[in-house]
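All remarks here apply to the structure that follows.
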Amino acid sequence: TGDVARELYRGTSAVFYRQNVSWVTFLYVDELTKTKFREYKQNQHLTHLDLFAAGMIVGLVNTGAMMPFDYVKTQKQKFFQNNQSMFEIFKTTLKQEGITRFYVGWKVYLVQYAIVAILTVNVLDKLEQKFKNSTANKS
């Protein structure tokens with residue numbers, strides 16, 4: 001049963017780090033991008049085009065940050081590298097194949113992450129504005 005459990009959870013440590021990098025990167029770049037757009041426009045209201053551009057930027061940065069973790073997750077799930085640590089997989093890959101190995105297929109990932117980012121940036125902005133308005137009305 002120990003082998004079965006290990007097989008079911010193979011790669012979860014990589015998924016944990018991937019998700020943390022994903023959310024930290026996403027939320028930081030989302031906030032930074034929208035703040036910079038508002039400063040540039042000198043207006044708190046962002047148009048759909050502004051939010052689309054912010055989502056594209058978030059998607060691009062998120063893709064760059066997450067792809068190495070996606071690669072390691074995949075390698076971790078393969079039997080022959082299951083016993084290697086994430087750091088060892090990073091190190092071995094960098095040494096043998098270079099940093100570009102982490103970014104194979106980046107265009108597909110970018111499209112996927114950008115679409116999700118564009119939608120999520122819009123939803124987050126609407127929720128943020130609604131929350132700001134509701135707290136301002138209570139004051």
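For the numbers below, each heavy atom of this structure counts, side chains included, while hydrogens, waters and symmetry mates do not.
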Problem set entry | Test log, rule side-chain contact (heavy atoms from CB on, under 4.5 Å), inputs E31 and L27 | CA-CA 6 Å; E31 181 62 27; L27 293 173; over 6 Å; no

Seminar exercise, completed: Connected to F52, directly or through other members, by ILVMFWY side-chain contacts below 4.5 Å are M56, I118

Exercise. Considering residues at least two apart in sequence or located in another chain, which fulfil the side chain to side chain contact (heavy atoms under 4.5 Å, CB included) criterion with I115?
Worked result: V111, L119

Exercise. What closest approach, in Å, do V61 and V29 show between heavy atoms, and which atom pair accounts for it?
Worked result: CG1-CG2, 3.6 Å

Exercise. How far does CG of N62 sit from OH of Y28, to the nearest 0.5 angstrom?
Worked result: 14.0 Å

Exercise. Considering all heavy atoms of both residues, which atom of A117 and which atom of V58 are nearest to each other, and what is their separation?
Worked result: CB-CG1, 4.0 Å

Seminar exercise, completed: In this structure, OH of Y17 is separated from CE of M86 (nearest 0.5 Å) by 6.5 Å

Exercise. What is the minimum heavy-atom distance between A65 and T25, and which atoms define it?
Worked result: CB-OG1, 3.8 Å

Problem set entry | I99 with M66, same ILVMFWY side-chain cluster at under 4.5 Å | yes

For this session: Quick one: name the residues clustered hydrophobically with V123, using the 4.5 Å side-chain heavy-atom rule over I, L, V, M, F, W, Y, and just say none if it's on its own.
Result: L127

For this session: Please answer whether the main-chain N or O of R18 pairs with a side-chain N or O of S22 as donor and acceptor at a distance below 3.5 Å.
Result: no

Exercise. W23 and V72: same hydrophobic cluster, using ILVMFWY side-chain contacts below 4.5 Å?
Worked result: no

Seminar exercise, completed: Nearest heavy-atom contact between H48 and N122 is ND1-OD1, 4.0 Å

Problem set entry | Flag side-chain contact, heavy atom, 4.5 Å: E97 against V104 | no

Exercise. Just by modelled atom types, is the F26 backbone N or O under 3.5 Å from a matching donor or acceptor in the D30 side chain?
Worked result: no

For this session: Kindly write out the residues that satisfy ring pair (Phe, Tyr, Trp, His ring centres under 6.0 Å) with F90, not counting sequence neighbours, or none if the list is empty.
Result: F69, F102

Problem set entry | Heavy-atom check, side chain of L51 versus side chain of K126, under 4.5 Å | yes

Exercise. Does M67 have any side chain to side chain contact (heavy atoms under 4.5 Å, CB included) partners at least two apart in sequence or in another chain, and if so, which?
Worked result: T63, Y103, W106, Y109

For this session: Could you give me the CA-CA distance, side-chain angles and deciding distance for R101 and Q96, then say whether side-chain contact (heavy atoms from CB on, under 4.5 Å) is met?
Result: CA-CA 9 Å; R101 182 66 178 132; Q96 293 177 353; over 6 Å; no

Problem set entry | Nearest atoms (heavy-atom pairs only) where V121 meets G55 | CG2-CA, 3.9 Å

Exercise. Would a hydrophobic clustering, with Ile, Leu, Val, Met, Phe, Trp and Tyr connected at side-chain separations under 4.5 Å, put L49 with I57?
Worked result: no

For this session: Please tell me if the side chains of T92 and Q75 come closer than 4.5 Å, counting only heavy atoms from C-beta onward.
Result: no

Exercise. Side-chain heavy atoms under 4.5 angstrom apart, residues restricted to Ile, Leu, Val, Met, Phe, Trp, Tyr: same cluster for F16 and I89?
Worked result: yes

Table please: side-chain donor-acceptor pairs of residues 37-44 below 3.5 Å, with sequence neighbours left out.
unit_1	atom_1	unit_2	atom_2	d
R38	NE	Q44	O	2.7
R38	NH2	D125	OD1	2.5
K41	NZ	D50	OD2	2.5
N43	OD1	H45	N	2.9

